[in-house]
Amino acid sequence: YLPFLMSLSLFPVSVKSGDRFIPARAGSNWSINFHYANENCRSHNQNHRSKDAGADTGKDAAAYSALLRNELLGAGIETVPDPHTDDRRHAVLSQDSHSLFRYTIHAKRVPSDGGNEVSPYSLSPLSNKSHKLLRSPRKPARKISKIPFKVLDAPELQDDFYLNLVDWSAGNLLSVGLGACVYLWSACTSQVTRLCDLSVDGDSVTSVCWNERGSLVAVGTHKGFVQIWDAAGGRKLTSLEGHSARVGALAWNGEQLSSGSRDRVILQRDIRTPPSAERRLQGHRQEVCGLKWSPDHQHLASGGNDNKLLVWNSSSLLPVQQYSDHLAAVKAIAWSPHQHGLLASGGGTADRCLRFWNTLTGQALQSTDTGSQVCNLAWSKHANELVSTHGYSQNQILVWKYPSLTQVAKLTGHSYRVLYLAVSPDGEAIVSGAGDETLRFWNVFSKTRCTKESKSVLNLFTRIR
């Protein structure tokens, strides 16, 4: 029998089966497959371009996708989801996984929403949920004008990355350092006054900064002095020594004033006490070019030409945190007014990145390559958005939505690096300055979202373009 058994093993045994193949669909989640279908077929460049698309296009695409899911999958969506959030993906993943093909018993529909059901005589192929979706209110997209509503000439505005020569006060006065002089421009009357002239001392202006009340303006000089001026009276109150090189960064914290210099030292002084009570903060190895106090007045962030971002508290003489991820000078620094401990920073030409930090835990959160030198950062006072100004090589102004980091607007017009930035006291407008010796005013942020909506004085301006 052995040869016979061997001969049987040479031939495959045929198994009888049906003539139909029915795939198993029990483990399929068609809602997830539908959601990822469009994402998988798009290239990386298409996804990147979609971030820069307008808000109207994004909302139309979201409405169309929701409409298809209603008709094909019975999703029951009645409102258009926000295309800028990731809630859509989480909502899809949280749905029950049902098979696409199933038998159901269709009962007679009973109006349950006050007669808004689709009429049985309607010729529309859409379901009731889809009709509700199409009738849902659409929030109009915010339009940001790409043309400045005012342009001022600023002769002798220096093209120096390490200086801070523009600031906007709570009293709606703009201070600008031009050469050896500081000028004040009133946003209410458009009147220009000269506050000081340092040419008599052979000095020049390297930084300006208003206190929180808008009554005093600090002026940093090339020789290392910090002068305190009374804006209303137009007189110098005091002149502080202590730095051995130019003072390019200033930051007020109540009655205390912090100054950063090319001598790598940060001096913190109370203008009500003698100069001997100063605190010397030494942590940077090169020039200090960025200083910002946190909204709760507890922490000072400093950026330097050594590519370091340091965080100091109000008591220690050593930094409590140090971030070294940037590859170029850190001048652009901004604390979020909406989230406690959130700090944003931007790097110079060799870095070009916008980075976010959780200073409560010391953790790096997000980063994005902006494509050009980051010169300044400022958060919106009313929305979770921020604006960045850039130098080499785009010379542009970008408005970002956080935390999605979606570009809301791109503003161009300066022919040189946009080195200076300040936000209006009402939080709606910004002013940008560049080496092309112009100051440009833009309406970029939305109005106040609280019940008391302050009327902007900027509407008194006349458009020149």
Side-chain angles (χ1 to χ4, degrees), residues 159-167 206-207 209 220 243 245-251 253 258-268 281-294 299-313 318-336 341-359 362-379 386-394 396-398 400 402 405 417-422 432:
D159 184 27
D160 193 326
F161 176 80
Y162 300 97
L163 307 186
N164 293 273
L165 297 175
V166 177
D167 198 20
T206 53
S207 56
C209 184
H243 288 293
R246 69 179 183 184
V247 179
L250 296 167
N253 185 27
S258 301
S259 56
S261 170
R262 183 182 268 181
D263 62 11
R264 304 171 294 179
V265 177
I266 300 172
L267 294 182
Q268 187 171 329
L281 307 180
Q282 295 178 305
H284 288 284
R285 297 183 178 181
Q286 294 189 40
E287 180 173 7
V288 180
C289 50
L291 285 177
K292 283 293 189 307
W293 277 96
S294 60
H299 293 89
L300 172 68
S302 64
N305 197 34
D306 55 359
N307 309 345
K308 297 294 189 297
L309 174 65
L310 306 182
V311 178
W312 316 74
N313 60 20
L318 296 176
V320 293
Q321 292 177 354
Q322 176 175 315
Y323 303 103
S324 306
D325 292 9
H326 285 291
L327 304 177
V330 182
K331 177 192 176 185
I333 303 173
W335 292 89
S336 171
L342 176 60
L343 177 63
S345 61
T349 307
D351 182 74
R352 306 175 306 179
C353 287
L354 192 61
R355 300 182 184 275
F356 297 86
W357 318 89
N358 183 348
T359 59
Q363 179 184 6
L365 298 177
Q366 298 170 261
S367 67
T368 183
D369 190 344
T370 65
S372 55
Q373 177 188 44
V374 184
C375 302
N376 287 282
L377 285 174
W379 288 86
L386 71 160
V387 60
S388 60
T389 68
H390 300 269
Y392 302 124
S393 59
Q394 303 296 325
Q396 61 189 357
I397 303 170
L398 300 178
W400 306 83
Y402 185 84
L405 294 184
R417 297 180 295 174
V418 189
L419 298 177
Y420 311 110
L421 173 69
S432 58

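Worth knowing before you read on, the calculation uses all heavy atoms, side chains too, and leaves out hydrogens, waters and symmetry mates.
Using a distance-only test at 3.5 Å, with no hydrogens or angles considered, a donor-acceptor pair links the side chain of Ser294 to the main chain of His299. Of the possible polar contacts, none joining the Trp357 side chain to the Leu365 backbone as a donor-acceptor pair under 3.5 Å is found. Judged by distance alone, the side chain of Asp351 and the main-chain N or O of Ala328 form no donor-acceptor pair under 3.5 Å. Lys331 places a side-chain N or O within 3.5 Å of a backbone atom of Leu163 that can act as its donor or acceptor partner. Using a distance-only test at 3.5 Å, with no hydrogens or angles considered, a donor-acceptor pair links the side chain of Thr359 to the main chain of Gly341. Side-chain atoms of Thr389 do not come within 3.5 Å of backbone N or O of Ile397 as any donor-acceptor pair. A donor-acceptor contact shorter than 3.5 Å is absent between the side chain of Gln268 and the backbone of Leu281.
Of all heavy-atom pairs between Leu421 and Ala378, the closest is CD2-CB, 3.8 Å. In this structure, Ser261 and Ala245 approach most closely via the heavy-atom pair OG-O, 3.1 Å. When all heavy atoms of Cys209 and Asp167 are compared, the pair lying nearest together is CA-OD2, 3.3 Å. For Asn164 against Cys289, the heavy-atom pair with the smallest separation is ND2-O, 3.5 Å. In this structure, Ala344 and Leu386 approach most closely via the heavy-atom pair CB-CD1, 4.3 Å. Closest of all the heavy-atom pairs between Gly391 and Ser372 is O-CB, 3.9 Å.
A salt bridge links Arg246 with Asp160; the closest basic N to acidic carboxylate O contact falls under 4.0 Å.
Put simply, OG on Ser388 and CG on Leu398 are 4.5 Å apart, with the number rounded to the nearest 0.5 Å. Taken from CG in Asn307 to CZ in Arg285, the straight-line distance is 11.5 Å, to the nearest 0.5 Å. Rounding to the nearest 0.5 Å places OG1 of Thr349 at 7.0 Å from CZ of Arg417. The structure places OH of Tyr323 at 9.5 Å from CD of Gln363, a figure rounded to the nearest 0.5 Å. Between atom CD of residue Gln366 and atom CG of residue Leu342 there is a gap of 8.5 Å, rounded to the nearest 0.5 Å. With values rounded to the nearest 0.5 angstrom, His390 atom NE2 is found 12.5 Å from Leu419 atom CG.
Side-chain atoms of Asp306 and Gln286 include no donor-acceptor pair closer than 3.5 Å. Side-chain atoms of Asn376 and Tyr420 form no donor-acceptor pair, as typed in the model, at a separation below 3.5 Å. Checking Ser345 against His326 by side-chain atom types alone, a donor-acceptor pair falls below 3.5 Å.
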Requested in this report: Could you walk me through whether Leu291 and Leu300 pass side chain to side chain contact (heavy atoms under 4.5 Å, CB included), step by step?
Outcome: CA-CA 7 Å; Leu291 285 177; Leu300 172 68; 4.2 Å; yes
**Report entry** Candidate pair Leu354 and Leu377, rule side chain to side chain contact (heavy atoms under 4.5 Å, CB included), full reasoning
**Finding:** CA-CA 9 Å; Leu354 192 61; Leu377 285 174; 3.3 Å; yes
Requested in this report: Tell me, with the steps shown, if Ser258 and Trp293 meet side chain to side chain contact (heavy atoms under 4.5 Å, CB included).
Outcome: CA-CA 9 Å; Ser258 301; Trp293 277 96; 3.2 Å; yes
Query raised in the report: side chain to side chain contact (heavy atoms under 4.5 Å, CB included) between His243 and Leu267: does it pass, once the steps are laid out?
Result: CA-CA 8 Å; His243 288 293; Leu267 294 182; 3.5 Å; yes
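Ring-plane geometry between Trp379 and Tyr402 is classed as perpendicular, the angle between the planes exceeding 60 degrees on a 0 to 90 degree scale with a lower cut at 30. Note on ring orientation: taking the six-membered ring where Trp is involved, the planes of Trp312 and His284 are tilted (angle from 30° to 60°).
Heavy atoms of other residues, nucleotides or ligands lying less than 6.0 angstrom from CZ of Arg264 number 12 at most.
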